[in-house]
Amino acid sequence: MNSGSTRSLFSKFFLNHFWVGLVICLVTILIEKSTEKPSFIQISAFELFKTIGISVMVASIFTYAAGSSDFMKHIQGLLEKVVTQRSFLGNLDRDSKKRALETLLQPSDQEKGLYSKINVYYRKFIDEAFSIYEKPIREKFSINCVARYSVERGKIVVSSTYSYTLYKNSGGFDNIPVGFEKGEEESTVDKVRIIGSKGNVILNEEKIALSKIDSNGARIGHVEIPPEGLGENELYVTINMTEVGGDHWCLLTFNNLHPTNGFDIKLHCNDDIEIRKYAVFFVDAECLTDAPPDKKGIHITTNQWITEGTGLTVLISLPHGKGKEIYSEEAVNIAEAVISNSSKKPTL
């Protein structure tokens with residue numbers, strides 16, 4: 001629309017309807033003010049004409065707006081969001097979203113006929129989905145491990161670095177749990193480092209004390225987020241650990257404690273140490289595994305979400321004839337029991 005037609009429409013608009021409505025309102029007000037002790041019928045007539053005048057002005061404004069292309073495009077965009085894209089659902093509060101999802105996931109009569117309690121499963125699924133707001137969320141969880149044989153200890157020692165991004169939940173940041181399972185009394189948490197979103201060091205603590213013993217005999221410690229980190233939306237956490245195996249073998253396990261988006265573990269074996277067995281227990285996540293035939297390393301990665309309680313285990317040991325031998329099959333059975341019977345792995 002060019003400037004000439006715009007001026008024409010603008011002038012036509014103001015020369016007609018808008019001014020007519022305005023004149024009706026003003027004339028009615030003047031007559032009302034000049035009438036002494038108006039009767040009930042007069043008062044009603046005054047209010048009626050004022051209402052008519054205001055209605056004419058409002059109607060003229062909407063008529064003018066409706067005739068413009070920008071207004072029509074705006075209305076079209078709103079209708080697309082509501083009818084096709086349904087993007088308005090994203091702006092609902094948490095309770096409204098949950099009610100909308102419960103309405104959407106109502107089982108059909110046919111589904112109820114097959115299994116009458118299917119709605120209980122739907123509600124459980126919805127509750128689990130919305131409970132993520134109450135849990136710490138971790139992203140880009142990375143573990144880098146180097147295994148070596150310590151002559152001084154006479155055991156395999158694994159130096160591990162855990163790093164990930166930690167996001168705030170609905171209640172803020174929880175303390176970071178660290179620790180080891182029963183039987184790993186020589187293993188230590190060497191350092192915990194927390195960095196803010198602007199690169200500022202919030203915590204740099206060494207030799208974390210593991211003073212609590214849980215019902216399974218695991219040694220547990222908790223790293224508290226300093227006050228200066230509580231205002232952040234995300235924190236970058238690095239944990240250095242030393243895990244000591246049983247003389248010539250070591251069983252490394254990872255059990256996911258919190259919802260985690262993306263996981264990567266790399267293990268390299270020095271000296272004569274080899275990877276004997278490994279098993280991955282991730283649910284609903286596809287993993288890529290690179291295990292070279294020389295058995296000196298392994299790389300397991302996924303860019304998908306991994307759920308709580310899932311994990312993996314890797315058995316490393318010296319070759320046959322190097323120290324007291326333990327059968328790999330027995331160690332793998334132990335590893336599977338650790339993963340399946342442990343709801344929490346305090347180390348991670």
Side-chain angles (χ1 to χ4, degrees), residues 90-91 93-94 130-148 157-180 184 187-212 214 218-244 252-268 282 285 299-312 344-348:
N91 297 322
D93 59 81
R94 181 181 173 185
F130 278 89
S131 67
I132 193 172
Y133 295 105
E134 303 168 359
K135 302 174 182 177
I137 299 176
R138 304 184 297 190
E139 186 178 43
K140 298 178 181 177
F141 199 115
S142 176
I143 306 176
N144 286 286
C145 309
V146 177
R148 60 182 176 84
V157 176
V158 180
S159 299
S160 305
T161 300
Y162 298 76
S163 60
Y164 56 88
T165 302
L166 178 64
Y167 291 89
K168 181 185 295 184
N169 57 32
S170 59
F173 287 107
D174 295 338
N175 294 338
I176 299 174
V178 292
F180 298 96
E184 300 180 69
S187 300
T188 57
V189 181
D190 303 321
K191 179 187 288 188
V192 175
R193 186 181 179 92
I194 300 176
I195 299 176
S197 57
K198 296 181 179 180
N200 52 310
V201 178
I202 295 175
L203 178 72
N204 191 16
E205 186 173 343
E206 298 184 357
K207 301 299 181 184
I208 307 301
L210 307 177
S211 54
K212 182 179 178 181
D214 70 2
R219 297 181 298 129
I220 302 174
H222 289 88
V223 179
E224 185 175 352
I225 306 295
E228 55 267 31
L230 299 179
E232 300 274 355
N233 290 325
E234 58 187 67
L235 299 171
Y236 306 95
V237 181
T238 302
I239 304 174
N240 296 105
M241 307 172 69
T242 300
E243 303 182 57
V244 182
L252 301 175
T253 61
F254 167 78
N255 192 352
N256 190 38
L257 292 181
H258 307 297
T260 301
N261 183 21
F263 174 81
D264 183 276
I265 180 172
K266 295 178 182 177
L267 170 63
H268 175 73
F282 291 150
H299 182 199
I300 302 172
T301 183
T302 179
N303 61 357
Q304 299 177 342
W305 283 88
I306 56 175
T307 55
E308 301 158 271
T310 60
L312 58 86
K344 288 188 176 181
K345 171 70 171 156
T347 13
L348 305 173

Any heavy-atom pair between the side chains of [Y] and [X] that's under 4.5 Å?
X: Ile194; Y: Glu232; answer: no
X: Ile265; Y: Phe254; answer: no
X: Phe263; Y: Thr310; answer: no
X: Tyr164; Y: Leu166; answer: yes
X: Asn233; Y: Ser197; answer: no
X: Lys135; Y: Asn169; answer: no
X: His222; Y: Ile208; answer: no

With Phe173 via ring pair (Phe, Tyr, Trp, His ring centres under 6.0 Å) - residues at least two apart: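 Residues passing ring pair (Phe, Tyr, Trp, His ring centres under 6.0 Å) with Phe173: none at all.
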
Identify the heavy atoms of Ala285 and Trp305 that sit nearest to each other, and give their distance.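 Looking at all heavy atoms of both residues, the shortest contact is CB-O, 3.5 Å.
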
Verify, without hydrogens or angle tests, whether [X] (side chain) and [Y] (backbone) share a donor-acceptor contact under 3.5 angstrom.
X: Lys140; Y: Gly262; result: no
X: Asn256; Y: Ile306; result: yes
X: Arg148; Y: Ser159; result: no
X: Ser160; Y: Cys145; result: no

[atom1] of [X] to [atom2] of [Y]: how many Å apart, nearest 0.5 Å?
X: Ile225; Y: Leu230; atom1: CD1; atom2: CG; answer: 7.5 Å
X: Leu235; Y: Ile202; atom1: CG; atom2: CD1; answer: 5.0 Å
X: Arg138; Y: Thr260; atom1: CZ; atom2: OG1; answer: 4.0 Å
X: Leu267; Y: His299; atom1: CG; atom2: NE2; answer: 11.5 Å
X: Tyr162; Y: Met241; atom1: OH; atom2: CE; answer: 4.5 Å
X: Thr161; Y: Lys191; atom1: OG1; atom2: NZ; answer: 10.0 Å

With Arg219, which of Leu210, Thr188, Asp214, Val189 fulfils side chain to side chain contact (heavy atoms under 4.5 Å, CB included)?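 The residue from Leu210, Thr188, Asp214, Val189 that satisfies side chain to side chain contact (heavy atoms under 4.5 Å, CB included) with Arg219 turns out to be Leu210.
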
Which residues pass the salt bridge (Lys or Arg N to Asp or Glu O under 4.0 Å) test with Asp190, sequence neighbours left out?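 Counting only residues at least two positions away or on another chain, Asp190 forms a salt bridge (Lys or Arg N to Asp or Glu O under 4.0 Å) with Lys207.
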
Look at atom CD of Glu228 and say whether more than 12 heavy atoms of other residues, nucleotides or ligands are closer to it than 6.0 Å.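 Count over threshold, so yes.
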
Identify, with sequence neighbours excluded, every residue that meets side chain to side chain contact (heavy atoms under 4.5 Å, CB included) alongside Ile195.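 Ile195: side chain to side chain contact (heavy atoms under 4.5 Å, CB included) contacts with Arg193, Tyr236.
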
